[in-house]
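Worksheet: one structure, shown below.
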Protein chains: 2
Amino acid sequence: MPPRNAVADRVRILLDERALVPGDRLPSERELAAQLGVSRSSLREGLGRLADLGIIEARRGSGTYLAALDLRDLTDARLRLEPYAARLAAERREPRDLVRLDETLAELRGSLEDRAGFADADLRLHATIAEASRSLPVRVLLDAVADLLRHSRAVTAVDPDTRRATVVVLERLVRAVHAGDGEAAEIAMREHLGHVVAALPREGG
Amino acid sequence: MPPRNAVADRVRILLDERALVPGDRLPSERELAAQLGVSRSSLREGLGRLADLGIIEARRGSGTYLAALDLRDLTDARLRLEPYAARLAAERREPRDLVRLDETLAELRGSLEDRAGFADADLRLHATIAEASRSLPVRVLLDAVADLLRHSRAVTAVDPDTRRATVVVLERLVRAVHAGDGEAAEIAMREHLGHVVAALPREGG
DNA sequence: GACCAAAATTGGTCGGACCACTATAGTTCG
DNA sequence: CGAACTATAGTGGTCCGACCAATTTTGGTC
């Protein structure tokens, strides 16, 4: 997994807590650093990561602002990348990947009534698939996708029934990875993301 | 376009000049900063970007090392993403995108005998497509791809004839974007990348 | 109200200090 | 002589305070 910046994650959480919307201005770097209890240097390292991802935009002399993100575009991009990652994972996975996948699947089954926990386990499953693909580009790109996703709590199914359906598809995906069946894994992932698209909030009519 | 770090680019060039191979150790941060004439803080900002991309790996107490990159994996990932970007570009492009595409195409035609210049213009064309897609995820992801690509001079056709063939396909791509024909743009991009795959150096057999 | 200059605020860069960890060279001991 | 241990120097990671550059706000002037 690419290196992760703890400060970036904390900033993410903070933005989420304050329910900032695109265009909103973040607190100044000095203030944010104070609030998080880290130095401005470390904070800037985290902000830089978010800026590289296009999540925030810094304007010298003015401030740092939250950028807009179209969930449909993000899901469409995932729809192109992740089925490929699933195929690679099925073809290249190693024993430790299968163990992690099984564990994560168990967590998913145990979090059917816990939306946040379910979303968390879902992210972890996707990360494991990326890891198992043994492809640096895939890992880097899907890591960026995950970072973008973390900014939208709206991507997880609201009702438990939908979550149950999700688990069924993911079970099929994991089974395919176990079996080394790249084709089946790719199809399962595509179906899974198709459900994500369907659950997306409507827009513009 | 996502913010870019000038220091990261200079480090990239420096690594390229010294012909470092995966596993090689980079100079220490203090030394590298001195060589580039920037502060260690700024250098670290650039290195952080490269580390996020998985291009380098820092080991505390030991040093920073160049990671390995499988060009085939990278091209396969592009093959999934870029045709989609081309489709979006055809559907969403604005007049200024078309102007830039035409300019870049002209540069390509003029650099048939200049391998480095050709590679440069090629990268710019792909960046313009990403920009024209008007999709933040696509721009972020393809920007990362471009960063990974910049580490491999081996991706450009060696002989002028192949470059000529490349231009023909890219002309078709640009024409499709002009016409707003997403399907044709996607197909053209796929064909273009197919040629890239075919030109990849053989391995392991 | 319009315009302009000064001041405050903000992101960007810098240099230095210290910490945590590693690798290496010396030293000691069996 | 070799192995185990111990300084020691070197490395990336974090922090701090200062200054620079650009912008925004403020206050005055007409």
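Residue numbers begin at 1 in each chain, while the letters A, B, ... track the order of the sequences. Worth knowing before you read on, the calculation uses all heavy atoms, side chains too, and leaves out hydrogens, waters and symmetry mates.
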Counting distance alone, no hydrogens or angles: does the base of [N] have a donor or acceptor under 3.5 Å from a partner atom on the side chain of [X]?
| X | N | answer |
| --- | --- | --- |
| A:R59 | C:dG12 | no |
| A:R30 | D:dG17 | no |
| A:S41 | D:dC16 | yes |

Under 4.0 angstrom between [X] side-chain N/O and [N] OP1 or OP2:
| X | N | result |
| --- | --- | --- |
| B:S39 | C:dC14 | yes |
| A:T64 | C:dG11 | yes |
| B:S28 | D:dG10 | no |
| A:R40 | D:dC15 | no |
| B:R25 | D:dT11 | yes |

Earlier contact from the 5' end, DNA chain D, for A:G61 and A:L43: A:L43
Is the shortest side-chain N to carboxylate O distance from [X] to [Y] below 4.0 Å?
| X | Y | answer |
| --- | --- | --- |
| A:D120 | A:R124 | yes |
| B:R134 | B:D97 | yes |
| A:E186 | B:R80 | yes |

Residue mapping more 5' on DNA chain C - nearest nucleotide basis, B:Y65 or A:R60: A:R60
Taking [atom1] from [X] and [atom2] from [N], how many angstroms apart are they, rounded to a whole number?
| X | N | atom1 | atom2 | value |
| --- | --- | --- | --- | --- |
| A:L47 | C:dG12 | CG | P | 9 Å |
| A:I56 | C:dG12 | CD1 | C1' | 14 Å |
| B:L32 | D:dT11 | CG | P | 12 Å |
| B:E45 | C:dG12 | CD | P | 8 Å |
| A:R44 | C:dG15 | CZ | P | 15 Å |
| A:E29 | D:dC19 | CD | P | 19 Å |
| A:E31 | C:dG11 | CD | P | 10 Å |

Qualifying residue, where the test is side-chain contact (heavy atoms from CB on, under 4.5 Å) with A:T104 and the options are A:L125, A:D122, A:V99: A:L125
Candidate nucleotides C:dC14, D:dC15, D:dG13, ranked by approach to the side chain of B:S42 - the nearest: C:dC14
Test salt bridge (charged side-chain N to carboxylate O under 4.0 Å, His left out) applied to A:R49 and A:D147, step by step: CA-CA 10 Å; A:R49 163 88 179 177; A:D147 269 356; 2.8 Å; yes
